[in-house]
Amino acid sequence: GNRRIWRGMEGGQREMEREGVRGEGWKGDRGVERRWRGEGRGWRRMEGAWPVPMGSHPTPPGSSWTCRAVLGDGHQRTVRRVAWSPCGSYLASASFDGTTCIWKRQEDGFECVATLEGHENEVKSVAWAPSGSLLATCSRDKSVWVWEVDEEEEYECVSVLNTHTQDVKHVVWHPSQELLASASYDDTVRLYREEEDDWVCCATLEGHDSTVWAVAFDKEGERLASVSDDRTLRVWRRYHPGNQEGVACSGTDPTWKCVCTLSGYHSRTIYDVSWCHLTGALATACGDDAIRVFEESPTNFPSIQSSLSNLTLHCSASVLRTSVEAEPSRRKRPRVSFSRHMSLMALAVFPVSFLE
Amino acid sequence: MASRFSGVLQLTDLDDFIGPSQECIKPVKVEKQAGKAAAKIRIEADGSYFQIDQDGAAQKLEKAKITLNDCLACSGCITSAESVLITQQSHEELCKVLAGNKAAAPSEQKLVVVSVSPQSRASLAAKCKMGVLETAKKLTTFLKSVHYVFDTTFSRNFSLLESQREFVRRFRRQTEDRRALPMLASACPGWICYAEKTHGSFIIPYISTTKSPQQVMGSLVKGYFAEQQHLTPDQIYHVTVMPCYDKKLEASRPDFFNQQYQTRDVDCVITTGEVLKLLEQEGVSLSDVDPAPLDTMLSSAAEELSTHPGGGSGGYLEHIYRHAAKELFGIQVDAIEYKPMKNKDLQEVTLQRGGEILLQFALAYGFRNIQNLVQKLKRGKSPYHYVEVMACPSGCLNGGGQIKLEGEPKDGLQHVERLYESPKAEIPEENRAVAELYEHWLGGRDSEKAVATLHTEYHPVEKANTGFNIKW
C-alpha cells in the first residue's frame, strides 16, 4: 500500500507530481498553507507555515491537490488507516501486515522513525491521544494496545487490552481526556482509562445487534456516536456519579447510556461516522452509497425518548432538518462510491448538508 | 468460551475463526498416482474409509490424525479448543487412569506418582485455611490411591543450579557470541510457546536451555526413580499439579517424549483448581483429612518443606544474580534491592562497583513487558544481562490455574505469597540429595547425561501466510 500526501494547491501553480519515491520533492509554495488535519475521520482546518523557496509565486486559494509524497516502503500489505499526530509532525499508519509505522515529517519528506510491532494479525485502526504522547492501535487479534512515546521518540507498549471477544475495528480517543473508545465485531463499544500502572476497561456499551464499525465523540466528549452493521446509528451519553437524572453509577466510573437509536435511514451497513466539532452535525458513511448528515432537532419537538435524553434525532424523517435546497445540483453533491471510509474532506470542502 | 491460558499464549494467533484448512500445519497430503483421478470413497459402518478403484478393488485409507503435539506447532484451529486439552489432561482423566489402574491386572498396573508445585500448594493452603506443611501432608493422604507424592521444589534445585552455571558460561563468552546475553528464563511455557511462534529463530538463542522444574522432575521420576523401583519409564504414570494451564502444553512437547519407551516424562498436568474440583467431587474437605508423612525422592527422609527465595516464580533472578556476583566478581551479595520501573511487573536489579555497572538484571512479567523487552532486543537497545521472563502478571502465584480466593484479589495474592515463603529457605548448592544425584546418577555436573537430562531445545514455528486470513 502507498500513502500519498496531498497538499492543497493554489490554482495556477504547476503541479509537482512525485510518484514512487518516498518523500522526495517537498517544496513550499507559499508562506501559509491550509492543512487538513484528521480528527477521527473528519478534517479541520489548521494553518501553518512551511519553508518557502525564493522565487515562487503566490497563488489563489486551493482548487486542486497534488501528491507530495508516496511512502511505499513501509508496509507489506494493505494500509488500513492513517492518522496525524496532534502536533502535526508525525503520521501513523496501521497495516494488515500487523505493524503500525510512525513517520516523521522532515524537510524533504517523511521518514519512518518507528515500527510498532506486536499485534498478531491485521491492525485495523490507529489513533493519537490529544496529549500526543499516547497512541492506540487495535487489531483482528481482538486486542487494543496503548503505546507511549517518550522524549527520545521511543515507543513502548503500555497496555494490552483483551476485553473484546472479536476483531476490533476502530479506536478513537476522547477529544480532551485520556479516555479511549473501541468498536468491535463483537457488537460492543468499550471504553478504557488508566488505573494505577495499567489500563482497564471502564465501560461496555451494549445495544448494537451487529458489528460496530466506528465511533465518534462530540466536541465536549459527553456523547459518543456509534454506527453498525445493524444499520443503526446510536448516540450514547455519559452520566457522571451523582448526576441529577438519577442514573446509577458503579463506583467512580461514569455510566454511558444509549439516548438515541437511529434506524430506518440506512439500508446497508454503516461503516463510518463523524461528529463535527464545529456545528455538532453527525455524518455517516453507508454501504448504500450515500452520505447522510444528521442534526439535532429543536427541543420543542415532541420526543418519543424518555425524559433522560435530550437528544432528539428521531427515527422519523420529518424530524430531521435539512439546510439544503430541494434539488441540489449534481455538481455540488459529493457522492462517494463506497469504500469503507468516509471522505469527509469532501463534505468540508463543499459545505452542503444534505439529506437522503 | 474463555480461554484459561496465560494472556501471552492467548495472543498467539489462536483465533477461533480460522478455518482448519487455512492455518493448519497438517494439510492433507495426497499421494499423486498416475492414471485417472476419479475414485470413489466408501464409508464403512465403523467409520473407516475405503477408496474404491475403477476395477472395484478397495483400499483402506489412513485416518489423518492431529495430535496435541501438532497443535503446539500450529497457530490454527484446534489449539483454541480447550475441550481437546481438557479431555486429554484433566482431573477427570486422572480419575479414569486411577480407576483403570485399580481394575487392571497386576502386570498392567502403573505406579502413579504426583509431583506438586509449591505454588499450587500455597494456593490450596490459602483456600483451605491451613499452613503449607499441613496442606502437603493432608494432600498426601487424600491422593492415597496415588503411590507417591513429591514436591517440585526438589527438582527446582537442579533448574536453579543449571541456570546459574549456564549464565556464568554465557557471560564469559559474550565477546565471541553476540547472542549469549541477555539470557532469558526458560521455566515459563507460556513465554516459550509465544517466543517460538512469534519471534522464532531471532529470540531462541537468548533463551536459557535449562529445563523447568516440572520437566526436570519428569526426567527424575521416569529416570532415576523408575530405576530405583525397578520399573521402566512407561510403567509409571507421572502427574504434576501446577498453577497454570500452559504447563499442560509444556508436558506435551515432543522434546519431553521418551521415544524408547513411548512415554512422556510428565503424563498429565492438573491445575490447582482441578485438585480443588477433585476434593469437591469426593466431598472431602482437606482440613478434615489426617496428615501423612511426606514422601521424598530419595530414601534420606526430610520431614519438612523448603523453599527458594526470590519470588513466587522460582527465584531465578536472585539465584543467578548471587552466583554470578560471586563467581564473576568475587562479590558476596546479601540483600537484593529491586528497582520498580514503569509498572510493578517490571523491576530491575543492578550490581555496581565504583560507579561501574557489573550486572544488570530484570524481572519482566506479563505480556506488555515481554513485548517491550523483545522489541528493545530487536533494536539492540536492551541493557540487561539476564531477564526472568514470566507470562503471568505477578508471576506464577497468580497463574491461571490457581484457586480464586474470596475478597480482594490483591489481599488473596499477598496471603498466598506469605504461605509460599513460609518454609525455610534452602540453598541449592547445599542440598545433599541433589549433589548425590549429580555424582552418582548423572555422572558429574558436566557429563553428557547431565546435559541431556537437564537441558532442552527450542524450535521456531513457521507461520503459513496464505492470504486467506484477511478479514476486513
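So that the names make sense, note that chain A is the first sequence line, chain B the second, and so on, each numbered from 1.
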* To do: Write down the atom of A/Tyr155, the atom of B/Arg379, and the distance for their closest heavy-atom approach.
  =>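 That closest heavy-atom pairing would be O-NH2, 4.2 Å.
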
* Between B/Lys344 and A/Glu196, is there a side-chain N and carboxylate O pair less than 4.0 Å apart? -> no

* Starting at CD of A/Glu156, measure out to NZ of B/Lys342 and round the result to the nearest 0.5 Å. => 4.0 Å

* Decide yes or no on side-chain contact (heavy atoms from CB on, under 4.5 Å) for B/Gln371 and A/Glu117, but give the supporting numbers first. => CA-CA 9 Å; B/Gln371 260 304 299; A/Glu117 287 177 8; 5.5 Å; no

* Under 3.5 Å, is there a donor-acceptor pair between the side chain of B/Arg368 and the main chain of A/Ser159? ->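 Not at all, since once roles are kept as given, no pair shorter than 3.5 Å links the two residues.
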
* **Heavy-atom side-chain proximity of B/Thr198 to A/Glu120 below 4.5 angstrom** =>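 In short, these two side chains touch, coming nearer than 4.5 Å.
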
* Structure fact -> So, the part of B/Lys376 with a heavy atom under 4.5 Å from chain A: the answer is side chain

